[in-house]
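In what follows, a structure is listed as structure tokens, so that the remarks can point back to it.
Heavy atoms only: backbone and side chains are in, while hydrogens, waters and symmetry mates are out.
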Amino acid sequence: MNSLIATDKIKSLAYGKQQLAQLEKSKTPNARLISSGFMRQLRLPYRNSNTLNEGFQYFNENLKKYKLKMILQALQIVTMYWLVFTEQLACLTRQSIT
């Protein structure tokens, strides 16, 4: 995923989302661990492209989903990146006002 992030951010987003969807269906014991790694990596293409609002929405949806399922590790990761996106959007809003 790292090489995709460097070359094509849109493809890396699609790949990461596809992998997360497959991992949700997986019954392997390491699925949550691998899933958390993909979730961490997904913030980069959102942050470094013009899809910041989409990233905010994506992490917001996952935040709601993981709250319902009470998956603590995923909830912590998603909450952290949701806050980062919120802060970045606030900074962009302040910059556009001034």
Roughly how far, to the nearest 0.5 Å, is the [atom2] atom of [Y] from the [atom1] atom of [X]?
| X | Y | atom1 | atom2 | value |
| --- | --- | --- | --- | --- |
| M39 | K17 | CE | NZ | 10.5 Å |
| Q18 | F38 | CD | CZ | 9.5 Å |
| Q22 | I34 | CD | CD1 | 11.5 Å |

Problem - E54/K9 salt bridge by N-O under 4.0 Å criterion - result: no
With sequence neighbours excluded, residues passing side-chain contact (heavy atoms from CB on, under 4.5 Å) with [X]:
| X | answer |
| --- | --- |
| E61 | none |
| L83 | T79 |
| A31 | L23, S26, T28 |

Exercise for the section: Please identify each residue that fulfils side chain to side chain donor-acceptor pair (under 3.5 Å) with T51, with sequence neighbours left out. Expected result: S49
Exercise for the section: Return the set of residues passing side chain to side chain donor-acceptor pair (under 3.5 Å) with Q57 (not counting sequence neighbours), or none when no residue passes. Expected result: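 With sequence neighbours excluded, Q57 shows a side chain to side chain donor-acceptor pair (under 3.5 Å) to no residue whatsoever.
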Exercise for the section: Please examine the side chains of L42 and Y58, heavy atoms only from C-beta on, and report whether any two atoms are closer than 4.5 Å. Expected result: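 They are in side-chain contact.
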